[in-house]
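What you see below is based on every heavy atom in this structure, not just the backbone, and it leaves out hydrogens, waters and symmetry mates. The chains referred to below are lettered A, B, ... by the order of the sequence lines, with proteins before strands, and numbering in each begins at 1.
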Amino acid sequence: VASPGPNSSDLTWNALVAAAKNGAMIATAEGAGTPSDCDVIASSLARPECFEAVFDRHATAIYRYLRRRVGAGLAEELTAETFARAFRARRGFDRRRESALPWLYGIAANLLRLHRRTEERRLRAYTRAADRGHEPSPSADSDHRLDAAALRPELAEALAGLPHPQREVLLLHAWADLSHEEIAVALDISAGTVRSRLHRARVHIAERLGRSGNKAGDDSMVTTP
Amino acid sequence: MNQIDELIRSVGAHSPADRVEHDAIDAARRSLRAAIAAEQRGRGAYNRRRLIALFGALLIASVSVPAFGVANGWFVGRGEIEGVRGSAAPQLTRPPVVVASGEPRETWTILIARSNQGLCLNVDVGDGQFEGEKYRLGDCGYSDIRGDLPADVRGDSSSPCVGATALVPCGSRPKYWVGRSGSFFVPGARRSIYVGAASAEVASVELMLANGETLRAEVVQRPLGPDVPLNVYWAELGPEQGLEIAPLSRSAEGALMACNAGELVDEVVARDSGGNVLGSRVRAWNANPAGDPDGPRPLRVSEECV
């Protein structure tokens, strides 16, 4: 994989940008392959426009994760903020990492931390709606209506009741499909801490579901990570 | 896969890409492009430039109050549309005027000036304590303030501004009693200086803070001279107002960031000398790019900033 520096030719730069945007395989003087996120970010230090390739690759994943967490309206804002912050902070990107996705999830997680009360209110709104036997009010956005139908109230309540660090780890694992190691990178914690939080989160959820009379609360559901 | 994980995974699964998603990603892309354009423009003009990321994600929030500072030079950006209006630096037509200054923990000075691009509104920050440099924050551009303003204060009415769905000539948008408000983060003092222009008829300005408090701003009458019907208002935002303004730098990001100081103020209300409300402005955002008080209010981006 080519890793051009500031002295690389325009031809190489442009080819890298085009390839990164298109996801295509390219041949460069240094070798062949699709430039990694690391390569693209390194390129963007001299050519800021290169950074848009990172956006093209990961914006949908980040947006969908945020939308599941806080709904469509706020997800739009937070997606924009995630990439704006990533762009400004790209010099700090750990170049030992090939993929920028865990890093981006980390930035998104930091933003979500500012909105944990919003998320908890949202989750509890589902619970209240279900308790009343109907979905949230017609004024709620379509996201709420869709999720309310799918989200079991006891699970929503259990998620809302999780300490934020545990919820973050659990949802990065379950919704963002990050490995323990990737979550550790995203949240700047150790992999051991990730495993510990994940375990505690699962136990918490299982206990809450068990108390609500749901079979999902069986101890057998909790396995050691 | 753990059964709990399976259960959670099944919740709120995303539906196939829809219009909402498409629009959201488009908006995020525009915001990123604005940040990229801002950096590109800055590089061309100043080699010693250092960037301080101060503002939030909303396109309008980030471009209506440009906050990239350089030492010893007027900001090269031009108002609302970074990267669109060209890269020429503004040329001052008169010497700058000091509106106010202070030094709570770090020196700051509010400067305004007339230029070939319109009113320049800047804040000098730093006396060398912060990373050993001074910064000049702010910009020059079209002024949407009511009144008969000289051309080098009004700016080019044909220059592009953000409209509801597209770029529009700045002059086609309404004019307001108060405007061009922006916050400038003073890193060493952990506070922001909130500055804006107002019509000459405005005698007092109140800031409706996001924490529910109301703060009366200082109003400087006609700082550009008696022949220029324009006032400037300013206020310090910080712990005294119950606002916690602190860098939000995160290890994963590495940049110095603050709560979006613009989000600390929900609305700016202008009153005349009799105490009557003349008009107001709210925070600008994508769906209300001019911050029109009758337009939609933005969602709170950093609710725990306050």
- Task: Against chain B, label A/Leu171 side chain, backbone, both or neither, depending on which of its atoms sit under 4.5 Å from a heavy atom there.
- Result: side chain
- For B/Arg9 and A/Asp177, the nearest pair of non-hydrogen atoms, with its separation, is NH1-OD1, 2.5 Å
- Query: Looking at CG of B/Asp5 and CD1 of A/Ile205, how far apart are the two atoms once the value is rounded to the nearest 0.5 Å?
  - Reply: 10.0 Å
- What part of B/Leu32 gets closer than 4.5 Å to chain A, counting heavy atoms only: side chain, backbone, both or neither? side chain
- Drop me the distance from A/Arg202's CZ to B/Ile8's CD1, to the nearest 0.5 angstrom. 8.5 Å
- Item | Distance (rounded to the nearest 0.5 Å) between B/Arg29 CZ and A/Thr79 OG1 | 12.5 Å
- Interatomic distance, CD1@B/Ile36 vs CZ@A/Arg88, rounded to 0.5 Å, equals 11.5 Å
- Item | Residue selection (most heavy-atom pairs with chain B, distance under 4.5 Å) from A/Phe55, A/Phe51, A/Phe83 | A/Phe55
- Query: Where is the tightest heavy-atom contact between B/Ala24 and A/Tyr63, given as atom of each residue plus distance?
  - Reply: CB-CE1, 3.4 Å
- Message: Quick check: do B/Val20 and A/Glu76 have side-chain heavy atoms less than 4.5 Å from each other?
- Response: no
- Task: Compare every heavy atom of A/Glu52 with every heavy atom of B/Arg33, then report the nearest pair and how far apart it is.
- Result: NH2-OE2, 2.6 Å
